[in-house]
Amino acid sequence: MRDPHARRSRHPGRALGTAALFLTPLLVIYAVYYLYAFGFLAATSTTRSTLSFVDATDVGWQNFRLVLTDAVFIRSVVNNLLFAAVSIAVALTLGFFLAVVLASGVRLRRFFYAVFLLPSLIPLSLFATVFGRMLETRDGAVNATLRAIGLGSLSQDWLGEPGPAYAALFVLLVYLVGLPVMYYTSDLSTANTAILESALLDGASTAQMYRLILFPLLRNTHKTVILSVLLGSFRAFDIVFFSTKGDPGGRTGITGTYVYNAMLGEGRVGYASAAAVIVLVIALAVSLVHLAIQRSGRP
């Protein structure tokens, strides 16, 4: 009887050629929109130039030294990591819990899925803009509601003080838990339910099943969630810019808003390019560290 795979193995070059034919358009797009952008950043990061790119002068590594010694940039990196830590903590706790509860067949499950997934499905710039309008001191919905129910003393200048501004962003990050819920829900659908049934027969409590069985069972999903949230914190420009705009005084700014302000606000193209290169290196280092930890944890 003829081996059904024999025909495939006779012409491996043809298969590779077909794959290359389909991948070529994607590779061209990648080269134009990514590699060119990286090359542009690298080329302009060592120059002093404006948006007109007229009379650009070579300054060597001066832009990198200025960025790395700028306290505002250091704070923006710390904010990135802080917001990532909050998002990861929320994803591994609240996101995991919500996914398990919704997967267990709770009533109005579709409604709750829509509530938590909606912010992840609509443009984050729109969502953050609405959230920022709600926090306005005079006409914002949050302070107006507090005054209407007799709790006007709790109204805050949410965007004018560091504490309330950070708290507002933390609330926003908590509400963006929909993507981790999706990750956990998809993996829960393929989990081995026989383990849970055995634990239930052995008298395990609900808390024990959550902590000792379900949570370790989804360890690969935890790694995916951590990496996606951590790298996503470096792309959270629209969340911060359209909600708090980095206020007050840049205290809640992240690396994305820092590069934006240097590029378009101040017109320092070379300086902004150097900052962008440093951010890319940091994000790459975070990815490599995470991959190394993940690989070392494999059996």
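Note that the structure is predicted; figures quoted are calculated from it, not measured. As a basis for the values below, the full set of heavy atoms in this structure was taken, side chains included, without hydrogen atoms, waters or symmetry mates.
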Legend entry - Side-chain (T224) to main-chain (N220) donor-acceptor, under 3.5 angstrom: yes
Legend entry - F97, CZ atom: more than 12 neighbouring heavy atoms under 6.0 Å: no
Inset, instruction - May I ask you to test the V177-L98 pair for a side-chain heavy-atom distance under 4.5 Å? - result: yes
Inset, instruction - Check whether any side-chain N or O of N261 sits under 3.5 Å from a backbone N or O of T257 as a donor-acceptor pair, and report yes or no. - result: yes
Legend entry - Whether over 12 other heavy atoms sit under 6.0 Å from R251 CZ: no
Legend entry - Contact check, side chains of K223 and L227, non-hydrogen atoms, under 4.5 Å: no
Inset, instruction - Determine whether L117 and V130 fall in the same hydrophobic cluster, where Ile, Leu, Val, Met, Phe, Trp and Tyr are linked whenever their side-chain heavy atoms lie under 4.5 Å apart. - result: yes
Inset, instruction - Measure the OG-OH distance between S49 and Y271 for me, rounded to the nearest 0.5 Å. - result: 14.0 Å
Legend entry - Ring geometry between F64 and W61 (parallel below 30°, tilted from 30 to 60°, perpendicular above 60°): tilted
Inset, instruction - Kindly assign one of parallel, tilted or perpendicular to the pair F131 and F127, based on the angle between their ring planes and the thresholds 30° and 60°. - result: parallel
Legend entry - Linked, directly or transitively: L231 and L284 (ILVMFWY side chains, under 4.5 Å): no
Inset, instruction - Working to the nearest 0.5 Å, report the span between CG of D139 and CZ of R133. - result: 11.0 Å
Inset, instruction - Could you tell me whether a side-chain N or O of N143 sits under 3.5 Å from a main-chain N or O of G152, the two making a donor and an acceptor? - result: no
Inset, instruction - Decide yes or no for T137 and L159: does some side-chain heavy atom of the first lie under 4.5 Å from some side-chain heavy atom of the second? - result: no
Inset, instruction - Indicate the ring-plane relationship of F242 and F237, choosing parallel, tilted or perpendicular according to the 30° and 60° boundaries. - result: perpendicular
Inset, instruction - Could you tell me whether a side-chain N or O of N80 sits under 3.5 Å from a main-chain N or O of I254, the two making a donor and an acceptor? - result: no
Inset, instruction - Specify the closest pair of heavy atoms between V67 and I278, including all atoms of both residues, with the distance to one decimal. - result: CG1-CD1, 3.7 Å
Legend entry - N63 (side chain) donor-acceptor with T47 (main chain) under 3.5 angstrom: yes
Inset, instruction - Is it possible for you to say whether L41 and V59 belong to one hydrophobic cluster, with membership spreading through side-chain heavy-atom contacts below 4.5 Å? - result: no
Inset, instruction - Could you tell me whether the side chain of N79 reaches within less than 4.5 Å of the side chain of Y166, counting heavy atoms only? - result: yes
Legend entry - Any side-chain heavy-atom pair of T221 and F215 under 4.5 Å: no
Legend entry - Side chains of S243 and L169 in contact at under 4.5 Å (non-hydrogen atoms): yes
Legend entry - Side-chain donor/acceptor of T46 to backbone N/O of G60, under 3.5 Å: no
Legend entry - Step-by-step side chain to side chain contact (heavy atoms under 4.5 Å, CB included) determination, L218 to L214: CA-CA 6 Å; L218 299 178; L214 279 176; 5.6 Å; no
Legend entry - side chain to side chain contact (heavy atoms under 4.5 Å, CB included) partners for S76, two or more places apart: F73, T255, Y258
Inset, instruction - Measure the NE2-CG distance between H222 and D187 for me, rounded to the nearest 0.5 Å. - result: 10.0 Å
Legend entry - CG-CZ distance between D247 and F241, expressed to the nearest 0.5 angstrom: 10.0 Å
Legend entry - Note, L280 side chain near F38 side chain (heavy atom, < 4.5 Å): yes
Legend entry - 4.5 Å side-chain heavy-atom contact, I239 and L176: yes
